[in-house]
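All values below were derived from every heavy atom in this structure, side-chain atoms included, with hydrogens, water molecules and symmetry-related copies excluded. Proteins come first, then strands; the chains are lettered A, B, ... in the order of their sequence lines, and each starts at number 1.
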Number of protein chains: 2
Amino acid sequence: MPTSENGSTPVYREIADELREQIRSGRLTDGDRLPGENTLMERHGIARATARQALSELINEGLASPVRGSGVYVRLFRPVRRHGSRRLSRDIWGRGGSIWQTQERDYEVDRLLVDEAVPEAHVARALGLAEEEAVLRRSRRYLVDGRPVQNAVSYLAPAVAAAAPRVREHDTGPGGVYARLAEVGLAPVRFTEEIRVRMPTPGEREDLSLPPGTPVVDVARTALADGNRPVEFGEITMDGSAYVLQYDFEA
Amino acid sequence: MPTSENGSTPVYREIADELREQIRSGRLTDGDRLPGENTLMERHGIARATARQALSELINEGLASPVRGSGVYVRLFRPVRRHGSRRLSRDIWGRGGSIWQTQERDYEVDRLLVDEAVPEAHVARALGLAEEEAVLRRSRRYLVDGRPVQNAVSYLAPAVAAAAPRVREHDTGPGGVYARLAEVGLAPVRFTEEIRVRMPTPGEREDLSLPPGTPVVDVARTALADGNRPVEFGEITMDGSAYVLQYDFEA
DNA sequence: AAGTGGTCTAGACCACTCG
DNA sequence: GAGTGGTCTAGACCACTTA
């Protein structure tokens, strides 16, 4: 029994292509069950490992998600919009809202941690500090619809934290950290965001409940007060399937 | 629905963790060869499929790349910076530069295609057109250091293309499409960019020479002329490992 | 020619889900 | 209890790279 031959494309790939086409065409949609390993083995006369490989193609592309003891299901994609400029505009946090207020979806913060730490070199550089200088660190995880969607860590230079002591509290009050900074004349006036994309580490996969085939987005944000003085540096790791990032800017 | 809990970590995972740690610590770096399937089988007393699964973990994370007949190698990450706002600023294309001028790296355009087509619904919507109306389409692939890094398609409404006929040419002249639009009073004054992240389709994997474990970034850009009139809509698919996107904006 | 990864077969035991 | 995906073994042939 020489394996079926078609010159070039491997069998598992052809099966994956066929299933992908059914998803693309809409014949299979969000939450539908894909044919299982046994079904594929029988239908195509192949070994188990080959059927698995076909399914793992789709899983690694983020189009499907395996559920132990149940099946492999087509995966849904309902991203949340995150506005760059508008989101951080003074209008919003100046009125006591949070940067998340432009979202229609519910959100929660869980696992908020506030501490001090000597930051890594790139953080110190972003804040314009000498190394070895400790900074205030605020770490938190955000949930949307009860599902973890991002981890965020923000760093505040000691001088800044000293000027606005409430940023050390868990509850920083209406408008959050930026509003407290504004009260002491350190309002952010400019932001820089750097976006990188990559596959998550196993730890992040677990922490954000990411199915296989889901990339993450790293956003590194620097907030600058008047005179281009850096007042905050934030690192955010987001579930890439959960967001659409939007930036509006002038020519 | 989700998710999985683990009592004991599988063998393939432990091996992958070990190798990942060697990469993270720097003991193995860019271009180094990882232990092969045979080595892992012997060293850990496992079957071939298990060794393969360990290596495929790293490959799917984008940390390593397999080379047929040779080995599995640690993968390098040298992204190019792409500026949002600054890049598209009038300063640059007003002086006859291209949006790529802020890059230090060499770039090339290959496979430039200019034609007319009835666009998909979301494109028609972005350009404010009735459906079924044909638009001018410019498709091209960009190379950096000889390596394909992005595919871009831009759409121009028929009225806009009629006003600036040179946008139908392959060579649109100094400053490119935007400069031609500016000459007829249709200079873009505002841009909106939407960023999405996902795993590539097999076709994109081939087209952009993407190794497994490399996500792509989709940028959907709308250029608006005076009076918020949409003049161009562009869709870009980028090799996620090749770029850092930067956006600067005011509070 | 030897070694490598790519594909595939044919089994096995397990933990889990579901009716 | 039947079915599912998760893990693993022990083989095989192939195309390709490297020396």
Side-chain angles (χ1 to χ4, degrees), chain A residues 1-19 28 31-60 63-75 202 205-206 210-213, chain B residues 1-19 31-60 63-75 202 205-206 209-213:
Chain A
M1 293 98 66
T3 68
S4 62
E5 271 333 299
N6 12 45
S8 48
T9 53
V11 176
Y12 79 87
R13 176 77 179 266
E14 282 188 348
I15 296 173
D17 288 348
E18 183 186 308
L19 294 173
L28 289 171
D32 284 356
R33 230 195 100 179
L34 291 172
E37 299 176 358
N38 294 339
T39 306
L40 291 178
M41 288 168 69
E42 196 181 318
R43 188 190 291 174
H44 294 90
I46 56 175
R48 178 130 192 260
T50 308
R52 273 185 77 74
Q53 198 170 1
L55 290 171
S56 75
E57 280 275 299
L58 302 177
I59 291 167
N60 280 320
L63 293 175
S65 234
V67 180
R68 250 192 158 87
S70 171
V72 179
Y73 297 88
V74 176
R75 219 173 101 196
R205 236 155 49 197
E206 194 185 340
L210 299 175
Chain B
M1 350 167 3
T3 105
S4 51
E5 282 314 308
N6 240 345
S8 70
T9 51
V11 176
Y12 78 88
R13 176 76 180 267
E14 281 185 350
I15 296 173
D17 288 348
E18 184 186 307
L19 294 174
D32 284 357
R33 231 197 96 178
L34 291 172
E37 299 176 358
N38 295 339
T39 307
L40 291 178
M41 288 169 70
E42 195 182 319
R43 188 190 292 173
H44 294 91
I46 56 177
R48 179 130 191 257
T50 307
R52 274 184 76 75
Q53 198 171 0
L55 290 171
S56 75
E57 280 275 299
L58 303 177
I59 291 167
N60 281 320
L63 292 176
S65 234
V67 179
R68 248 194 163 84
S70 172
V72 178
Y73 297 87
V74 176
R75 219 174 100 196
R205 233 156 50 196
E206 194 186 339
S209 302
L210 300 175

message: Which nucleotide wins on minimum distance to the side chain of T50(A), given the candidates dT9(C), dC8(D), dG5(D)?
response: dT9(C)
- request: Could you check how far CE of M41(B) sits from P of dT9(D), rounded to whole Å?
  value: 9 Å
message: Counting the atoms with a prime plus P, OP1 and OP2 as sugar-phosphate, which does L55(A) contact under 4.0 Å by heavy atoms, base, sugar-phosphate, or nothing?
response: nothing
query: Looking for any heavy atom pair under 4.0 Å, which part of the strands does R33(B) touch: base, sugar-phosphate only, or nothing?
result: sugar-phosphate
Distance in angstrom units between Q53(A) CD and dC8(C) P, rounded: 7 Å
statement: Sorted by chain and residue number, the salt bridge (charged side-chain N to carboxylate O under 4.0 Å, His left out) partners of R52(A) (sequence neighbours excluded) come out as E37(A)
message: Can you list everything that forms a salt bridge (charged side-chain N to carboxylate O under 4.0 Å, His left out) with D17(A)? Sequence neighbours excluded, please.
response: R13(A), R20(A)
Rounded interatomic separation in angstrom, taking CG from L40(A) and P from dA10(C): 16 Å
Closest-nucleotide ordering on DNA chain C, the 5'-leading residue of A51(A) and E37(B): E37(B)
field: Phosphate OP1/OP2 of dG3(C) contacted by N38(B) side-chain N/O (<4.0 Å)
entry: no
statement: Between CD of E42(B) and P of dA10(D) the distance, given in whole Å, is 15 Å
Pairwise side-chain contact, P10(A) with T50(A), heavy-atom cut-off 4.5 Å (strictly under): no
message: Of the listed nucleotides (dC8(C), dG6(D), dC8(D)), which one gets closest to any side-chain atom of R52(A)?
response: dG6(D)
field: E14(B): partners by side chain to side chain donor-acceptor pair (under 3.5 Å), with sequence neighbours left out
entry: T9(B)
Whole angstrom value for the distance that separates C1' of dG6(D) from CD of E57(B): 12 Å
Mind listing the N/O atom pairs, protein and nucleotides 13-18 of chain D, below 3.5 Å?
from, atom 1, to, atom 2, distance (Å)
dT17(D), O4', G69(B), O, 3.4

task: Please state whether the phosphate of dT7(D), meaning OP1 or OP2, lies under 4.0 angstrom from any side-chain nitrogen or oxygen of Y12(B).
output: yes
field: side-chain contact (heavy atoms from CB on, under 4.5 Å) against S209(B), all qualifying residues, sequence neighbours excluded
entry: P148(B)
Anything under 3.5 Å between a donor and an acceptor, one on a side chain of residues 65-72 of chain B, the other on a protein residue two or more places apart or in another chain? List them.
from, atom 1, to, atom 2, distance (Å)
S70(B), OG, Y73(B), OH, 2.5

message: Measuring from the side chain of P66(A) (C-beta onward, heavy atoms only), which nucleotide among dT7(C), dG5(C), dG6(D) has the closest atom?
response: dG6(D)
- request: Could you tell me whether E42(A) atom CD has more than 12 heavy atoms of other residues or ligands within 6.0 Å of it?
  value: no
